[in-house]
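Please read these numbers as outputs of a predicted model, since none were measured by experiment. Here, residue 1 is the first one in the sequence, and each next residue gets the next number. First listed ligand is number 1; within each ligand, the first listed atom is number 1.
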Amino acid sequence: MLTREENEMLTRVGPGTPAGELLRRYWLPVGVASELTEENPTQLVRILGETLVLFRDKRGNVGLLDDRCAHRGVSLSYGRVEERGIACAYHGWLYNTKGDCLECPAEPAGSKFCLTVKQKSYPLQKLVGLYWAYLGPEPAPLITNFDIWFRKDGHRKIFNQPQLDCNWFQAMENSMDPAHLQILHQETAGRSREIRNTTRGLTDDVEKFDFYEVPYGLMKRRVYKNGMVDEHPVLFPNVLRQGNVGQIRVPMDDTHTKVYFVRFFPTENGEIVEHDAPPVEYIKPYKNPPDAVHPYTRLRMDAVQAQDHMAWETQGPICDRTRERLSSTDRGIVMLREVTMRE
Ligand code: FES
Ligand SMILES: [Fe+2]
């Protein structure tokens with residue numbers, strides 16, 4: 001059980017909050033690169049409680065700016081792009097990808113006023129078919145050198161998951177909760193084995209669970225009675241690694257999370273792939289109606305990810321951890337909370 005203050009500390013992600021500042025020390029995906037085209041050159045981005053605009057100018061430069069125009073606050077996501085940048089739809093103030101204001105059309109000819117205007121911009125880079133942004137203090141670190149992002153001997157595919165309508169930390173705690181696999185996902189985990197007792201699911205297959213810290217995050221480990229061992233690390237702070245899949249959870253704000261899966265497919269003979277251009281699969285909503293939250297929607301229970309979304313969203317927009325009863329298998333969750341608070 002946590003105090004209200006501790007719960008706030010782990011879950012609030014806006015500027016100036018402890019978790020928000022921690023997450024701002026990492027590069028985070030803000031969009032699918034192939035979605036930004038000449039026909040659709042602007043995209044609104046919600047990340048860590050900020051509203052930003054991702055855009056591509058007519059020279060092909062891509063930028064990420066505060067969406068709120070410095071002039072009088074209109075959304076730049078409605079702006080028009082040209083060779084030099086993006087012009088606000090309201091009065092045409094023009095910004096380049098660095099956030100410099102290049103022109104304020106209605107000012108008198110020869111006015112240098114635009115030189116005094118600066119729009120907030122963030123560093124951006126493209127990796128595994130996604131644009132990644134860094135919202136923290138300079139200098140920006142490198143993107144962590146995880147093999148699934150950087151290995152050259154294979155292809156990648158992006159699975160763009162439906163928006164998760166709850167706080168990011170619920171998904172992260174689930175990644176350190178090994179016991180739910182044998183219950184929540186029993187049909188899948190059992191690979192259509194007959195399950196005699198659906199309350200216990202496959203729990204009796206398991207000998208023990210272990211948890212430990214590793215240099216890149218936290219490990220959860222299942223040891224089965226048949227000797228099999230299963231390890232799925234959390235790549236701190238916001239990625240679950242499962243086999244060759246990286247499940248990236250990007251907090252949009254305190255109660256919404258964007259989820260991308262990046263799956264790596266190694267080539268059979270170790271052959272190097274020079275220009276990997278990951279295709280994108282858009283996953284259909286796991287609930288109906290898709291834009292409502294529990295208890296005003298119904299989540300599907302027929303697939304692993306849908307089951308996880310059910311577990312995460314029905315804990316509430318921000319799970320109230322002042323009202324919980326942790327048990328012995330929740331040791332990993334306690335460890336994740338401690339490490340997150342420490343960092
Ligand atoms: S509000 Fe953007 S140019 Fe006026
Ligand atoms: Fe799960």
Side-chain angles (χ1 to χ4, degrees), residues 42 44 51-53 55 63 65-82 84-96 99-108 111 113-121 159 161-162 164 166 168-191 201-203 205-206 209 218 220-222 230-234 239-243 245-249 257 259 261 283 286 299-315 319 329-330 332-333 336:
T42 62
L44 196 71
T51 306
L52 310 176
V53 60
F55 73 98
L65 303 180
D66 185 2
D67 181 57
R68 188 185 183 284
C69 177
H71 180 211
R72 280 171 50 217
V74 166
S75 168
L76 290 181
S77 71
Y78 291 89
R80 298 177 174 91
V81 299
E82 54 134 284
R84 296 171 294 165
I86 186 167
C88 177
Y90 205 9
H91 312 96
W93 288 23
L94 175 73
Y95 305 98
N96 66 13
D100 304 320
C101 183
L102 305 180
E103 195 175 334
C104 301
E107 288 304 297
S111 162
F113 176 74
C114 68
L115 298 176
T116 68
V117 179
K118 182 81 182 170
Q119 187 74 356
K120 196 190 228 176
S121 75
F159 298 85
Q161 294 284 338
L164 174 65
C166 70
W168 74 292
F169 208 69
Q170 278 144 237
M172 294 320 298
E173 287 189 332
N174 169 273
S175 303
M176 287 303 286
D177 167 16
H180 85 272
L181 172 69
Q182 280 72 28
I183 309 275
L184 180 64
H185 308 309
Q186 53 183 280
E187 298 86 359
T188 334
R191 301 207 168 82
L202 301 169
T203 301
D205 289 358
V206 177
F209 302 121
L218 297 160
K220 73 167 181 289
R221 184 168 191 253
R222 297 183 190 91
D230 183 6
E231 289 189 317
H232 296 153
V234 165
V239 181
L240 169 68
R241 167 74 181 263
Q242 206 183 16
V245 182
Q247 303 187 14
I248 314 169
R249 289 85 181 244
T257 306
V259 182
F261 285 17
I283 309 294
Y286 295 131
L299 285 121
R300 280 170 38 206
M301 282 289 281
D302 59 347
V304 172
Q305 280 314 307
Q307 292 166 340
D308 277 331
H309 275 237
M310 182 286 292
W312 305 339
E313 288 199 10
T314 63
Q315 286 180 301
C319 179
T329 54
D330 296 319
I333 289 172
L336 176 67

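For F261, the CZ atom counts as densely surrounded, since its 6.0 Å shell holds more than 12 non-hydrogen atoms of other residues, nucleotides or ligands.
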Residues D100, K118; criterion salt bridge (Lys or Arg N to Asp or Glu O under 4.0 Å); working and verdict | CA-CA 5 Å; D100 304 320; K118 182 81 182 170; 2.7 Å; yes
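Atoms of ligand 1 found under 4.0 Å from any heavy atom of H71, numbered from 1 in the order shown, are 1 (S), 2 (Fe), 3 (S), 4 (Fe). Ligand-side atoms of ligand 1 in range of W93: 3 (S), range being under 4.0 angstrom from any heavy atom. Close contacts of ligand 1 with Y90, meaning ligand atoms under 4.0 Å from a residue heavy atom, involve 1 (S), 4 (Fe). For ligand 1, the atoms lying closer than 4.0 Å to a non-hydrogen atom of C88 are 1 (S), 2 (Fe), 3 (S).
The angle that D308 OD1 and H180 NE2 make at the Fe ion (ligand 2), rounded to 10°, works out to 100°.
Using a 30° and 60° split on the angle between ring planes, Y286 and H309 fall in the perpendicular class, above 60°.
The single protein non-hydrogen atom nearest to atom 1 (S) of ligand 1 is R72 N, 3.4 Å, given as residue, atom name and distance.
For the pair H71 and V117, the minimum side-chain heavy-atom distance is 4.5 Å or more. Contact of the L76 side chain with the T42 side chain is not registered, since no non-hydrogen atoms from C-beta on lie closer than 4.5 Å. At least one side-chain heavy atom of Q307 sits less than 4.5 Å from a side-chain heavy atom of E187.
Within H91, the N/O/S atom positioned nearest atom 4 (Fe) of ligand 1 carries the name ND1.
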